[in-house]
K.L.:
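My structure is below; once you've seen it, I'll send some questions.
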Amino acid sequence: MSAPVRHYVGGGFDTSGDPFPLVDPVTGRTVGEVPSAPVEVVDRAVRAAREALRGPWGTWSPADRARALHRIADGIERRFEEFVVAECADTGKPRELAAGVDIPRAIANFRAYADLLAGRSEQSWHTATPDGRGALNYTVRKPLGVVAVISPWNLPLLLLTWKVAPALAMGNTVVAKPSELTPGTACLLAEVTAEAELPAGVFNLVHGPGADAAGQWLTEHPGVDAIAFTGESGTGTTIMRAAAARLAPVSFELGGKNAGLVFADADLDRAVAGTLRSAFTHSGQVCLCTERLYVERSVFDAFAERLADGTRALGGYGPMISAAHRDKVLGHLAKAAADGEVLAGGGVPSFGDERDGGFHVEPTVLRGLPEDHPTVREEIFGPVVHLAPFDTEAEALALANAGPYGLAATVWTDDLARAHRVAPALEVGIAWVNTWNLRDLRTPFGGVKASGIGREGGDHSLDFFSEPMNVCVKL
Ligand code: NAD
Ligand code: 6OD
């Protein structure tokens with residue numbers, strides 16, 4: 001059984017609320033339970049966060065807060081192995097992903113915002129006045145107050161800390177609600193914030209589902225000053241409605257249906273290897289994964305064959321997060337098999353061991369579906385990529401830019417001029433050329449259209465989590 005899942009409110013741990021089962025996606029077995037926070041616990045967490053703003057935390061300087069963020073990073077580093085085990089237990093992802101990406105990125109999130117905070121300056125202006133003495137204007141950045149952070153199940157600790165770190169950096173207090181499917185690493189994080197001597201109530205954690213439960217109660221709570229959310233676009237709409245009622249600011253990282261473009265002049269070895277990563281990392285359960293790949297017609301067949309060969313050779317992949325999500329992905333595959341062609345995968349693997357009870361889906365390559373097919377239009381969030389040919393650069397761009405989403409895209413080309421022409425013309429927040437998911441935490445991260453509102457990363461996050469105020473001093 002996994003470690004007990006506990007809320008963390010006002011510096012104390014608590015297991016109140018009706019429990020629901022926690023299921024291991026690798027085997028399908030129940031391995032623990034998660035207490036669903038009653039409205040009273042959510043309310044207590046928000047009040048504890050409000051109270052903490054008025055306590056010692058409110059007097060900490062940016063340097064004090066930067067040191068606290070580094071202490072949290074140190075704490076995760078000290079307990080690295082526990083975090084890796086919890087991340088794998090939460091998600092079923094392979095150990096090398098948890099140990100190589102998720103946990104190091106959580107540490108990097110705290111260090112990056114600590115360092116950015118230390119180097120941050122504010123603006124000032126000297127204003128002329130008729131008496132010739134002038135006035136000095138300067139801006140002061142204040143915390144927003146109590147911030148709700150709501151995160152999904154795919155990269156549970158990475159995405160939670162991506163918002164918690166800048167929120168704390170700017171002096172806010174936080175009530176976090178991780179996905180009900182993946183509560184483990186967030187519990188460890190709560191322990192680490194206590195070890196790092198954050199004052200009680202600065203970081204709070206409540207567990208439970210979203211609708212008619214902790215997530216909804218948190219977003220509707222009048223004591224929550226801002227909401228930072230990552231998850232499905234439809235959930236974003238619901239949360240925005242709740243925030244609109246009291247005009248609370250939101251930062252949204254939402255769904256996607258990311259395109260890749262492979263031009264005939266690309267290094268095809270690199271494009272195939274890159275697409276195997278961009279389509280199948282974490283079994284396609286990364287919001288940045290490529291689900292639609294458009295390949296220039298002259299290399300289409302060769303590329304498709306090599307990608308299908310590479311896909312069949314993939315091993316050691318993890319499961320879908322839940323039976324419901326597995327069934328959604330398999331529903332898409334059934335429709336795709338009926339209406340198009342399956343080049344690789346397409347089914348459920350058989351391992352001959354306890355993993356057969358889990359939620360695995362084979363990495364799958366499809367072709368031949370029309371652009372308006374649900375499998376090509378809707379976000380699948382699984383190990384599925386559809387290939388289609390194009391003839392001209394203009395057609396490639398039109399195909400990539402179609403649809404309601406606009407999170408990320410990847411361009412594979414060895415033509416420098418084309419790279420600089422095509423990448424900025426993509427209707428997305430993030431475009432990669434000859435790589436995928438290469439990150440610099442100072443750069444803007446987010447989506448356009450139904451893929452998000454606002455940008456996170458670097459100063460964008462520090463700006464979102466603070467309110468600028470102008471002071472004008474007559475000299
Ligand atoms: P989800 O929207 O179902 O849930 C996300 C979080 O919101 C969970 O904690 C959930 O409990 C909570 N929630 C659900 N309904 C709620 C409600 N009515 N009120 C308040 N909270 C509510 O998303 P998911 O299935 O956990 O995650 C997968 C989705 O997240 C995909 O669409 C994926 O593209 C998206 N995603 C986007 C990014 C990004 O950076 N753009 C990153 C990761 C995941
Ligand atoms: O790298 C990041 O900062 C980030 N937010 C990644 C999101 C991945 C989505 O699943």
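Counting from 1, the numbers follow the sequence of the chain as shown. Counting starts at 1 for both ligands and their atoms, in listed order.
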K.L.:
Which atoms of ligand 1 sit under 4.0 Å from any heavy atom of Leu159?
P.N.:
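Listed by number with element: 42 (C), 43 (C).
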
K.L.:
Any side-chain donor-acceptor pair under 3.5 Å between Arg6 and Tyr8?
P.N.:
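Note: Arg6 and Tyr8 side chains miss the donor-acceptor criterion.
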
K.L.:
Decide whether an N or O pair under 3.5 Å exists between Trp153 and ligand 1.
P.N.:
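Yes.
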
K.L.:
Please identify which atoms of ligand 1 are closer than 4.0 Å to at least one heavy atom of Leu407.
P.N.:
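Reading through ligand 1 atom by atom, the close ones are 41 (N).
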
K.L.:
Measure the distance from atom 2 (O) of ligand 1 to every protein heavy atom, then report the residue, atom name and distance (to 0.1 Å) of the closest one.
P.N.:
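Checked against all protein heavy atoms, atom 2 (O) of ligand 1 sits closest to Thr235 OG1, 2.7 Å.
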
K.L.:
Strictly less than 4.0 Å: does any protein heavy-atom distance to atom 19 (N) of ligand 1 fall in that range?
P.N.:
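For atom 19 (N) of ligand 1 the answer is yes, since some protein heavy atom falls inside 4.0 Å.
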
K.L.:
Which part of Glu253 is near ligand 2, with near meaning a heavy atom under 4.0 Å away: side chain, backbone, both or neither?
P.N.:
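The answer is neither.
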
K.L.:
Nearest 0.5 Å please: distance from the CZ atom of Phe445 over to the CG atom of Asp440.
P.N.:
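Interatomic distance, Phe445 CZ to Asp440 CG, rounded to 0.5 Å: 13.0 Å.
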
K.L.:
Considering only protein heavy atoms, which is closest to atom 28 (C) of ligand 1, and at what distance to one decimal place?
P.N.:
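It is Phe381 CE2, 3.8 Å.
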
K.L.:
Using a 4.0 Å cut-off to any heavy atom of Asn154, which atoms of ligand 1 qualify?
P.N.:
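Counting from 1, the qualifying ligand atoms are 43 (C), 44 (C).
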
K.L.:
Hey, could you give me the CZ/CG distance between Arg65 and Leu117, rounded to the nearest 0.5 Å?
P.N.:
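Rounded to the nearest 0.5 Å, the CZ-CG separation comes to 6.0 Å.
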
K.L.:
Out of Lys257, Glu456, Glu180, whose heavy atom sits nearest atom 11 (O) of ligand 1?
P.N.:
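The option holding the nearest heavy atom is Glu180.
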
K.L.:
Please round to the nearest 0.5 Å and tell me the distance separating atom CZ of Arg292 and atom NE2 of His386.
P.N.:
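Reported to 0.5 Å precision, the distance equals 11.0 Å.
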
K.L.:
Using heavy-atom distances, let me know which of Leu254, Leu155, Thr230, Thr219 sits nearest atom 5 (C) of ligand 1.
P.N.:
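Checking each option, the heavy atom nearest atom 5 (C) of ligand 1 is found in Thr230.
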
K.L.:
Considering only heavy atoms, does Ile239 approach ligand 1 within less than 4.0 Å through its side chain, its backbone, both, or neither?
P.N.:
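It is the side chain that touches ligand 1; the backbone stays farther off.
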
K.L.:
Is the closest basic N to carboxylate O distance between Glu77 and Arg111 below 4.0 Å?
P.N.:
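So Glu77 pairs with Arg111 through a salt bridge.
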
K.L.:
Is there a polar contact, in the sense of an N or O pair closer than 3.5 Å, between Asn437 and ligand 2?
P.N.:
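The answer is no, given that Asn437 and ligand 2 share no N or O pair closer than 3.5 Å.
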
K.L.:
For atom 6 (C) of ligand 2, find the nearest protein heavy atom and state the residue, atom name and distance (0.1 Å precision).
P.N.:
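Nearest neighbour among protein heavy atoms for atom 6 (C) of ligand 2, to 0.1 Å: Phe445 CZ, 3.5 Å.
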
K.L.:
Which residue from Cys287, Gly231, Gly208 reaches closest to atom 35 (C) of ligand 1 through any of its heavy atoms?
P.N.:
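Among Cys287, Gly231, Gly208, the closest heavy atom to atom 35 (C) of ligand 1 comes from Gly231.
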
K.L.:
Any idea which atoms of ligand 1 are less than 4.0 Å away from a heavy-atom of Phe229?
P.N.:
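Counting atoms of ligand 1 from 1, those under 4.0 Å from Phe229 are 2 (O), 5 (C), 6 (C), 7 (O).
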
K.L.:
Which value, rounded to the nearest 0.5 Å, describes the distance between Asp115 atom CG and His70 atom NE2?
P.N.:
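Separation between the atoms: 4.0 Å.
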
K.L.:
Provide the number and element of each atom of ligand 1 under 4.0 Å from a heavy atom of Ile150.
P.N.:
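Counting atoms of ligand 1 from 1, those under 4.0 Å from Ile150 are 6 (C), 7 (O), 9 (O), 12 (C).
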
K.L.:
Among Ser151, Ser179, Gly215, Gly210, whose heavy atom sits nearest atom 6 (C) of ligand 1?
P.N.:
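Result: the heavy atom closest to atom 6 (C) of ligand 1 is in Ser151.
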
K.L.:
Going by the order shown, which atoms of ligand 2 are within less than 4.0 Å of some heavy atom of Cys287?
P.N.:
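Within the 4.0 Å cut-off of Cys287, ligand 2 contributes 7 (C), 8 (C), 9 (C), 10 (O).
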
K.L.:
At less than 4.0 angstrom from any non-hydrogen atom of Gly255, what atoms of ligand 1 do you find?
P.N.:
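Answer, ordered by atom number: 32 (O), 34 (O).
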
K.L.:
Do any heavy atoms of Pro178 fall under 4.0 Å from ligand 1?
P.N.:
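A heavy atom of Pro178 does come that close to ligand 1.
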
K.L.:
Strictly below 4.0 Å, N to O, side chains only: are Arg44 and Glu51 in salt-bridge contact?
P.N.:
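Not counted as a salt bridge, because no side-chain N and carboxylate O are separated by less than 4.0 Å.
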
K.L.:
Purely on distance, is any nitrogen or oxygen of Gln285 under 3.5 Å from one on ligand 2?
P.N.:
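Such a contact does not occur with ligand 2.
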
K.L.:
Do any nitrogen or oxygen atoms of Phe381 lie less than 3.5 angstrom from nitrogen or oxygen atoms of ligand 2?
P.N.:
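No, there is no polar N/O contact under 3.5 Å.
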
K.L.:
Roughly how far, to the nearest 0.5 Å, is the CD1 atom of Ile107 from the CG atom of Asp102?
P.N.:
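So the CG of Asp102 and the CD1 of Ile107 are separated by 11.0 Å.
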
K.L.:
Run the numbers on Asp43 and Arg47 for salt bridge (charged side-chain N to carboxylate O under 4.0 Å, His left out), then give the verdict.
P.N.:
CA-CA 6 Å; Asp43 183 55; Arg47 281 190 286 111; 3.0 Å; yes

K.L.:
Could you give me the CA-CA distance, side-chain angles and deciding distance for Val149 and Val147, then say whether side chain to side chain contact (heavy atoms under 4.5 Å, CB included) is met?
P.N.:
CA-CA 6 Å; Val149 172; Val147 172; 4.1 Å; yes

K.L.:
With a 4.0 Å heavy-atom cut-off (strictly under), which part of Leu159 contacts ligand 2: side chain, backbone, both or neither?
P.N.:
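Within the 4.0 Å criterion, Leu159 contacts ligand 2 through side-chain atoms alone.
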
K.L.:
Specify side chain, backbone, both or neither for Asn154, according to which of its non-hydrogen atoms lie closer than 4.0 Å to ligand 2.
P.N.:
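The side chain, only.
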
K.L.:
Applying side chain to side chain contact (heavy atoms under 4.5 Å, CB included) between Trp436 and each of Asn258, Leu276, Thr275, Thr281, report the one that passes.
P.N.:
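Result: among Asn258, Leu276, Thr275, Thr281, Thr281 is the only option passing the side chain to side chain contact (heavy atoms under 4.5 Å, CB included) with Trp436.
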
K.L.:
Just how far is it from atom OG of Ser278 to atom CH2 of Trp412, taken to the nearest 0.5 Å?
P.N.:
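Result: 6.5 Å between the selected atoms.
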
K.L.:
Any heavy atom of Ala211 sitting closer than 4.0 Å to ligand 1?
P.N.:
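Ala211 counts as a contact of ligand 1 under the 4.0 Å cut-off.
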
K.L.:
Any nitrogen or oxygen of Lys177, main chain or side chain, under 3.5 Å from a nitrogen or oxygen of ligand 1?
P.N.:
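By distance alone, the answer is yes.
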
K.L.:
Does Glu180 pair with Lys177 as a salt bridge, N-O distance under 4.0 Å?
P.N.:
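Salt bridge present between Glu180 and Lys177.
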
K.L.:
Can Ser251 and Lys163 be counted as having a side-chain donor-acceptor contact under 3.5 angstrom?
P.N.:
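Result is no, nothing qualifies.
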
K.L.:
Going by the atom numbers of ligand 1, which of them fall below 4.0 Å from some non-hydrogen atom of Thr238?
P.N.:
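In order of numbering, the contacting atoms are 18 (N).
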
